[in-house]
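Only one structure is covered here, and it is reproduced in the block below.
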Amino acid sequence: MFGSKKKKKQKLSFSDLVEQLRPDLSRESLGVGPDFPGVAPNPLLSGDARTRNAELRAGVLALGVLVDWREVSSDGSPRVVLMLDVETAEGHSFRGIADEDLTITELTRLAPGQTMPVLYRPAVLDHYVALARDADPGRVQQLADEIARRKGA
């Protein structure tokens, strides 16, 4: 016992801890890069998440195609992480992650390949997006037409 060396405990980052507890929410599983800050266990208690959500509500419109989703919590209305392939008006594409509270009806209507309007922060580009639930349908159609024209050209 004397002279024995104690092993130092490796301090885990928050993201590493979440990945151990919920491997389905790991960066690799979500399809995002190493710069992705991760999914907050409770966005209502996270100041960063509240700030991010406020900024996303004032974000720029883009279109996202639903790839998959993970249910994070089912207390009350289900909290879901949606993985979307996002296309912007400027021609940028990225994997977007939306952390949303959905109704049971909305949850049952989710289908891979479904196109949804989303909001993103062009100055940040950290993979976070938010569903643009109140987006003007005319503006969404105009954006879809712009993206289709660019892809067809």
Side-chain angles (χ1 to χ4, degrees), residues 13-74 76-153:
S13 71
F14 175 74
S15 296
D16 293 334
L17 183 60
V18 170
E19 286 184 22
Q20 283 185 356
L21 296 174
R22 292 287 307 263
D24 60 322
L25 296 177
S26 70
R27 289 178 179 98
E28 183 178 315
S29 177
L30 296 174
V32 295
D35 296 333
F36 180 62
V39 176
N42 185 343
L44 298 176
L45 297 178
S46 167
D48 290 340
R50 287 192 309 270
T51 301
R52 177 184 67 242
N53 290 339
E55 290 173 356
L56 283 169
R57 282 191 291 276
V60 176
L61 189 64
L63 292 181
V65 176
L66 184 63
V67 175
D68 201 0
W69 65 91
R70 309 276 192 278
E71 190 169 342
V72 178
S73 170
S74 59
S77 61
R79 182 172 158 232
V80 183
V81 173
L82 305 169
M83 292 158 286
L84 305 124
D85 285 335
V86 178
E87 183 87 22
T88 70
E90 296 79 29
H92 301 292
S93 299
F94 63 95
R95 172 63 51 93
I97 305 296
D99 188 345
E100 300 283 340
D101 290 325
L102 301 179
T103 65
I104 297 296
T105 304
E106 290 171 323
L107 184 62
T108 60
R109 291 182 179 162
L110 291 178
Q114 181 178 6
T115 300
M116 305 173 167
V118 297
L119 299 169
Y120 76 104
R121 301 175 296 172
V124 179
L125 288 180
D126 60 358
H127 297 282
Y128 284 113
V129 297
L131 294 182
R133 297 171 190 251
D134 59 351
D136 174 43
R139 175 63 187 122
V140 172
Q141 185 59 52
Q142 181 184 15
L143 177 61
D145 293 344
E146 286 176 37
I147 292 170
R149 262 193 309 276
R150 188 179 51 254
K151 285 185 174 182

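Atom CG of residue Leu102 and atom CD of residue Glu71 lie 9.0 Å apart, to the nearest 0.5 angstrom. If you take CG on Leu143 and OG1 on Thr88, they are separated by 8.5 Å, rounding to the nearest 0.5 Å. Interatomic distance, CG of Leu82 versus CG of Leu131, reported as 5.5 Å (0.5 Å rounding). Taken to the nearest 0.5 Å, the CG atom of Asp99 stands 13.5 Å off from the CZ atom of Arg70. If you take CD on Gln142 and CG on Asp136, they are separated by 9.0 Å, rounding to the nearest 0.5 Å.
Of all the heavy atoms in Pro78 and Thr103, the pair that sits closest is CD-C, 4.3 Å. Counting all heavy atoms, side chain and backbone alike, Glu146 lies closest to Arg139 at OE2-NH1, 3.4 Å. Considering all non-hydrogen atoms of both residues, Ala130 and Leu56 come closest at CB-CB, 3.9 Å. Smallest separation of non-hydrogen atoms from Tyr120 and Glu90: OH-OE1, 2.9 Å. For the pair Glu87 and Ser93, the tightest heavy-atom approach, listed with the atom from each and the gap, is OE1-OG, 2.8 Å. Among all heavy-atom pairs drawn from Val60 and Pro122, the shortest one is CG2-CG, 3.6 Å.
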For residues 107-119, please give each side-chain donor-acceptor pair under 3.5 Å, one per line with the distance, not counting sequence neighbours.
| residue | atom | partner | partner atom | Å |
| --- | --- | --- | --- | --- |
| Thr108 | OG1 | Ile104 | O | 3.4 |
| Thr108 | OG1 | Thr105 | O | 2.8 |
| Gln114 | OE1 | Ala111 | N | 3.0 |

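Ion pairing between a basic and an acidic side chain is recognised when a charged N comes within 4.0 Å of a carboxylate O; Glu100 and Arg133 show such pairing. A salt bridge does not link Arg50 with Glu55: none of the charged nitrogens is closer than 4.0 Å to a carboxylate oxygen. Ion pair Asp126/Arg121 flagged as a salt bridge, since at least one NZ, NE, NH1 or NH2 atom sits closer than 4.0 Å to an Asp/Glu carboxylate oxygen.
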Please step through side chain to side chain contact (heavy atoms under 4.5 Å, CB included) for the pair Asp85 and Phe94, ending with a clear verdict.
CA-CA 6 Å; Asp85 285 335; Phe94 63 95; over 6 Å; no
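Here the side chain of His127 pairs a donor or acceptor atom with the backbone of Arg95 at under 3.5 angstrom.
Residues Val72 and Val80 fail the side-chain proximity criterion, which asks for heavy atoms closer than 4.5 Å. Looking at Ile97 and Val129, their side chains never come closer than 4.5 Å, going by heavy atoms from C-beta outward.
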